[in-house]
Amino acid sequence: MESTDFNLEGKVFIVTGAAQGLGLTLSEALGEAGATVYCFDNHDKPDDHWKEAQKRIRSENSNSSLSYVQQDVTQTSKLADSIRRVADSHGRLDGAIAAAAIQQVTPALDYEPEDVDRLLRINYTGAFMTARFAAREMLRHGCPGSICFIASMSGLIANRGMHTPVYNSGKAALIQLARSLAMEWSPRREDGTGGIRVNCISPGNIKTSMLEDVFEKEQIEGWKNANMLGRLAEPEEFKSAALWLMSDASSFATGSNLVIDGGYTAW
């Protein structure tokens, strides 16, 4: 494997849920490798932390950039237009990371239908539509791209003491979706298009603002001892996995689910 396999200069990527947290961190990883990255999120404008990341990426590599696009992944027609504009402005689209997600801690008996609909619209349908529209542009521009869903170890297990049945089942659906889309889109077509790889990353517990906003400190402390490393993950620890999946270094990887959970599911 050559070091140039990880070079993303001249390539264009979309990352959803990228105004902050893990989505922004993964966007930075692509930018650090030379990519042009469009950060989609539903906030009206990015915060100072995002702006600092943008400035740093520009200063480190004049060929790379982070650009912010205000976009709600549940607004399907607008999402399609936003992705198409990105692809058309560069004549290509090389990859997409679907990281937009929300969490809700509610016992299953207390869920209302609108709660379920909201969670699945963002966590599953939003990811599916992001992948669909990205793949359509890759096919249209003849780019054998790469798509990555940010799933979760919660898609593989029922987290002890964590009442998040809709979140968990939505993440399980993403893992299966990656396999299904890989089967459809990875083969090369007679016209030379195709070759779109689709994979998942399933993180364990990560130190993010979403985790701290949703769960009690006592719960978070308990999770530190629930995996083999005895701590929570830092968002930066997923950079290399995202870079690998978006780059030519992972050219034979499709339909895969990378479980990076500190050994939580391996006990």
Side-chain angles (χ1 to χ4, degrees), residues 7-19 23-24 26-27 29-31 33-42 63-101 121-151 174 177-201 242-251 253-256:
N7 188 339
L8 301 182
E9 288 189 8
K11 295 190 175 184
V12 179
F13 297 88
I14 289 167
V15 182
T16 66
L24 174 56
L26 301 185
S27 299
L30 303 183
T36 297
V37 187
Y38 288 84
C39 300
F40 284 30
D41 213 306
N42 64 349
N63 294 319
S64 63
S65 65
L66 299 186
S67 298
Y68 186 76
V69 178
Q70 195 280 323
Q71 178 60 62
D72 186 333
V73 296
T74 67
Q75 296 177 347
T76 306
S77 60
K78 291 182 179 179
L79 177 64
D81 290 341
S82 293
I83 293 175
R84 187 182 184 95
R85 282 196 297 271
V86 167
D88 284 349
S89 65
H90 297 276
R92 64 185 304 127
L93 182 62
D94 298 281
I97 299 176
R121 275 203 317 274
I122 296 171
N123 295 1
Y124 178 77
T125 306
F128 190 172
M129 291 298 106
T130 297
R132 178 188 172 219
F133 298 138
R136 188 169 68 183
E137 297 309 314
M138 292 172 187
L139 292 170
R140 192 164 66 91
H141 289 282
C143 294
S146 177
I147 294 171
C148 175
F149 295 120
I150 302 303
L174 284 185
L177 179 62
R179 298 186 187 109
S180 299
L181 297 183
M183 180 271 294
E184 287 192 41
W185 298 341
S186 294
R188 285 285 192 171
R189 302 182 179 186
E190 290 184 2
D191 62 2
T193 63
I196 299 171
R197 299 180 294 106
V198 188
N199 295 285
C200 277
I201 296 175
L243 175 58
W244 183 68
L245 286 176
M246 291 294 106
S247 72
D248 292 339
S250 61
S251 57
T254 195
S256 298

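Taking each heavy atom of V73 and L79 in turn, the nearest pair found is O-CD2, 3.7 Å. Between I147 and A131, the closest heavy-atom pair is CD1-O, 3.7 Å. In this structure, A19 and D41 approach most closely via the heavy-atom pair N-OD2, 2.9 Å. Contact between I150 and L174 at its shortest, heavy atoms only, is O-CD1, 3.8 Å. The two residues C143 and I196 come nearest to each other via the heavy atoms O-CG1, 4.2 Å. Considering every non-hydrogen atom in both Q71 and S82, the closest pair reads OE1-OG, 2.7 Å.
To the nearest 0.5 Å, atoms OG1 (T76) and CZ (F133) are separated by 5.5 Å. The distance from atom CD of Q75 to atom CE of M129, rounded to the nearest 0.5 Å, is 14.5 Å. Note that the SG atom of C39 and the CG atom of L66 stand 5.0 Å from one another [nearest 0.5 Å]. A distance of 4.0 Å separates CG in L177 from CZ in F149, rounded to the nearest 0.5 Å. The distance from the CG atom of D94 to the CG atom of L30 is 10.5 Å, given to the nearest 0.5 Å. Separating the CH2 atom in W185 from the OG atom in S180 is a distance of 10.5 Å, to the nearest 0.5 Å.
For residues 67-87, the set of pairs meeting the ring pair (Phe, Tyr, Trp, His ring centres under 6.0 Å) definition, not counting sequence neighbours, comprises W50-Y68. Legend: salt bridge (Lys or Arg N to Asp or Glu O under 4.0 Å) pairs involving residues 181-198, not counting sequence neighbours: none detected. Among residues at least two apart or in separate chains, salt bridge (Lys or Arg N to Asp or Glu O under 4.0 Å) pairs with a member in residues 134-145 are R84-E137, D88-R140, E137-R140.
Side-chain atoms of Y38 and I83, non-hydrogen and from C-beta on, never get closer than 4.5 Å to each other. Side-chain contact between L243 and L8 is present, with at least one heavy-atom pair separated by less than 4.5 Å. In this structure, M246 and I97 have side chains that are in contact, with non-hydrogen atoms separated by less than 4.5 Å.
The backbone N or O of V198 sits less than 3.5 Å from a side-chain atom of T254, completing a donor-acceptor pair. In this structure, S247 contributes its side chain and W244 its backbone to a donor-acceptor pair below 3.5 Å. Here the side chain of T193 pairs no donor or acceptor atom with the backbone of L139 at under 3.5 angstrom.
Residues meeting the side chain to side chain contact (heavy atoms under 4.5 Å, CB included) test with S251, sequence neighbours left out: none. Judged as a side-chain hydrogen bond (donor to acceptor under 3.5 Å, both in side chains), and not counting sequence neighbours, N199 has no contacts.
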Fill in: From CA spacing to verdict: side chain to side chain contact (heavy atoms under 4.5 Å, CB included), H141, L93
CA-CA 7 Å; H141 289 282; L93 182 62; 5.8 Å; no

For residues 9-16, dump all side-chain donor-acceptor pairs below 3.5 Å to protein atoms at least two apart in sequence or in another chain.
{"residue": "K11", "atom": "NZ", "partner": "D248", "partner atom": "OD1", "Å": "3.3"}
{"residue": "T16", "atom": "OG1", "partner": "A99", "partner atom": "N", "Å": "3.0"}
{"residue": "T16", "atom": "OG1", "partner": "A100", "partner atom": "N", "Å": "3.2"}

